[in-house]
Amino acid sequence: MNSKHQFVQLSDGHFIPGLGFGTYKPQEVPNSKTTEATKIAIEAGFRHIDCAYAYEVEEEVGLAIRSKIADGTVKREDIFYTSKLWSTFLRPELVKSCLERSLKKLHLDYVDLYLIHFPVALKPGEELYPIDENGKNICDSVDLCATWEVMEKCKDAGLAKSIGVSNFNRRQLEMILNKPGLKYKPVCNQVECHVYHNQRKLLDFCKSKDIVLIAYSALGTQREKRWVDQSSPVLLDDPVLGALAKKHKRSPALIALRYQLQRGVVVLAQSLKENEIKENIQVFDFALTEEDMKVLDGLNRNFRYVTFKLMADDPNYPFADEY
């Protein structure tokens with residue numbers, strides 16, 4: 001099946017497919033499932049693959065991409081691959097080593113997009129989430145502007161075609177944008193975004209600065225116990241999404257994905273199930289009306305599933321600000 005993507009142009013001239021395949025998975029799911037699902041996604045027409053050093057599946061995702069290149073399904077340049085710099089590598093002298101580790105696991109020469117995963121720095125070392133005796137993350141003090149300068153060098157070296165950020169608030173974006181001697185601005189900000197937390201103010205701000213908003217958890221997360229409060233509402237069970245799904249003869253997931261595309265948001269769809277992966281790519285086959293969009297806007301309650309609360313005491317914690 002051919003990919004029918006709409007593309008969004010980034011401020012550096014590169015194009016990102018409007019729909020991406022998310023590869024985060026809960027710890028209890030075997031890694032081999034990620035290889036399988038990523039192959040299915042590429043076969044179904046996904047060309048934008050979103051991953052990260054901290055997901056610990058880059059070897060598996062790389063294997064899937066390489067196998068789909070080897071069998072002629074795609075060429076490397078057809079794939080838009082995103083990785084992310086993890087918080088234990090935010091010191092300027094560590095940035096490049098994290099990207100090089102990802103490239104080595106992937107067996108790729110470059111990533112299409114490299115993001116600062118989260119604005120809070122954690123104590124450097126092999127542990128992804130260093131914890132103190134009180135169960136809080138051990139944070140590190142890093143100047144994110146200095147981190148950004150090395151991100152720019154990674155782009156100049158050809159290791160990353162485009163560079164951006166994730167989980168940054170307006171103040172943190174402005175800090176980078178106003179940095180003296182800024183060479184490249186962040187092309188995107190990848191944040192949690194769905195009908196219960198539609199990020200309207202952050203989206204408007206990003207649009208005004210020609211920064212693309214990329215939505216993660218657009219389908220309400222996988223509700224993994226270590227990150228998500230189990231009493232939180234199940235997004236795809238929302239009756240309004242259900243009613244619109246009936247009206248358009250689509251699934252609630254497709255309504256939730258289509259909503260983002262029509263707002264100019266690049267949206268990630270995560271699933272390990274073949275039928276869901278194949279269904280999610282159908283987001284280009286229908287459109288919501290203006291009235292539908294208004295109704296969906298009305299579901300916003302600024303509710304965040306993923307709060308990274310173990311980092312909440314750090315001054316760089318992004319979610320204390322309004323947006």
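Count residues from 1 along the sequence. Quick caveat, the model's predicted, so the values are computed rather than measured. Values reported hereafter were calculated over all heavy atoms of this structure, with side chains retained and with hydrogens, waters and symmetry mates removed.
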Calculate, to the nearest 0.5 Å, the distance between atoms [atom1] and [atom2] belonging to [X] and [Y] respectively.
X	Y	atom1	atom2	value
Asp238	Ile255	CG	CD1	11.5 Å
Lys75	Asp78	NZ	CG	6.0 Å
Leu90	Cys98	CG	SG	9.0 Å
Tyr114	Ile116	OH	CD1	9.5 Å
Leu99	Met151	CG	CE	8.0 Å
Leu310	Asp314	CG	CG	12.5 Å

Side chains of [X] and [Y]: is there a donor and an acceptor less than 3.5 Å apart?
X	Y	result
Asp297	Tyr259	yes
Glu276	Ser271	yes
Ser32	Glu60	no
Ser217	Glu192	no
Thr34	Asn31	no
Lys123	Asn137	no
Glu58	Ser83	yes

**Request:** Please report the C-alpha distance between Asn169 and Tyr317 in whole Å, then the side-chain angles of each, then the deciding distance to 0.1 Å, and finally whether the side chain to side chain donor-acceptor pair (under 3.5 Å) criterion is met.
**Result:** CA-CA 9 Å; Asn169 62 31; Tyr317 180 71; over 6 Å; no

Salt bridge check: are [X] and [Y] linked by an N-O gap of less than 4.0 Å?
X	Y	value
Arg250	Glu279	no
Asp109	Arg76	no
Lys183	Asp156	yes
Asp321	Arg170	no
Glu28	Lys33	no

**Request:** Please test Ser162 against Asp12 for side chain to side chain donor-acceptor pair (under 3.5 Å), starting from the C-alpha separation and ending with a verdict.
**Result:** CA-CA 7 Å; Ser162 299; Asp12 63 4; 2.6 Å; yes

Whether [X] side chain and [Y] backbone form a donor-acceptor pair below 3.5 Å:
X	Y	answer
Ser87	Val120	yes
Arg263	Met293	no
Thr23	Asp50	yes

Are [X] and [Y] packed together at the side-chain level, in the sense that at least one heavy-atom pair is separated by less than 4.5 angstrom?
X	Y	result
Pro233	Arg301	yes
Leu19	Phe284	yes
Thr88	Pro130	yes
Leu122	Asp140	no
Asn167	Tyr216	yes
Phe21	Asn280	no
Thr289	Asp292	yes
Glu152	Ile163	yes

**Derivation of the side-chain contact (heavy atoms from CB on, under 4.5 Å) call for Asp210 and Lys185** = CA-CA 9 Å; Asp210 200 14; Lys185 68 181 186 185; 3.6 Å; yes

Give a yes or no on whether [X] and [Y] share a hydrophobic cluster (residues Ile, Leu, Val, Met, Phe, Trp, Tyr; joining criterion: side-chain heavy atoms under 4.5 Å apart).
X	Y	result
Leu203	Leu177	yes
Val306	Phe319	yes
Ile40	Val29	no
Ile281	Leu272	no
Leu63	Leu108	no

Write down the atom of [X], the atom of [Y], and the distance for their closest heavy-atom approach.
X	Y	result
Asn316	Pro119	CB-O, 3.5 Å
Pro92	Val142	CD-CG1, 4.5 Å
Ser11	Val187	OG-CG1, 3.7 Å
Gly18	Leu261	O-CD2, 3.3 Å
Cys206	Asn189	SG-CB, 4.3 Å
Lys84	Cys51	NZ-O, 2.8 Å

**Prompt:** Crowded around Lys247 NZ? As in, over 12 foreign heavy atoms under 6.0 Å?
**Reply:**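 Result for NZ/Lys247: enclosed.
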
**Request:** Evaluate whether atom CD of Glu93 has more than 12 neighbouring non-hydrogen atoms of other residues, nucleotides or ligands under 6.0 angstrom away.
**Result:**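 Result for CD/Glu93: enclosed.
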
**Asked** When the aromatic ring centroids of His197 and Phe303 are compared, is their separation below 6.0 Å?
**Response**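 No, the ring centres sit 6.0 Å or more apart.
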
**Request:** Give a yes or no on whether the ring-centroid distance for His194 and Tyr305 is below 6.0 angstrom.
**Result:**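 So the answer is yes for these two rings.
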
**Request:** Decide whether a cation-pi geometry holds between Lys155 and Tyr184; the criteria are a distance under 6.0 Å from NZ or CZ to the six-membered ring centre and an angle within 45° of the ring axis.
**Result:**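 Checked: cation-pi criterion met.
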
**Item:** side chain to side chain donor-acceptor pair (under 3.5 Å) between Thr73 and Glu43, intermediate numbers included
**Value:** CA-CA 7 Å; Thr73 306; Glu43 284 160 12; 5.8 Å; no

**Request:** Would you please classify the geometry between the His117 ring and the Tyr55 ring as parallel, tilted or perpendicular, with 30° and 60° separating the classes?
**Result:**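 Rings of Tyr55 and His117: perpendicular, over 60°.
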
**Prompt:** Is there a salt bridge (charged side-chain N to carboxylate O under 4.0 Å, His left out) between Lys104 and Glu100 once you walk through the steps?
**Reply:** CA-CA 6 Å; Lys104 194 176 171 190; Glu100 285 171 339; over 6 Å; no

**Message:** So if I apply the ring-ring contact (aromatic ring centres under 6.0 Å, His included) rule between Tyr53 and each of Phe89, Phe118, Trp86, Tyr24, which one comes out positive?
**Reply:**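 Of all the options given, the one that passes is Phe89.
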
**Message:** If you apply the rule salt bridge (charged side-chain N to carboxylate O under 4.0 Å, His left out), what do you find for Lys179 with Glu149, and how did you get there?
**Reply:** CA-CA 10 Å; Lys179 187 185 90 65; Glu149 286 172 12; 2.8 Å; yes

**Request:** Might you work through the side chain to side chain donor-acceptor pair (under 3.5 Å) test for Asp112 and His48, ending with a clear yes or no?
**Result:** CA-CA 9 Å; Asp112 296 273; His48 167 188; over 6 Å; no

**Message:** Between Arg101 and Glu56, is the salt bridge (charged side-chain N to carboxylate O under 4.0 Å, His left out) condition met? List the steps.
**Reply:** CA-CA 11 Å; Arg101 283 184 186 205; Glu56 299 185 284; over 6 Å; no

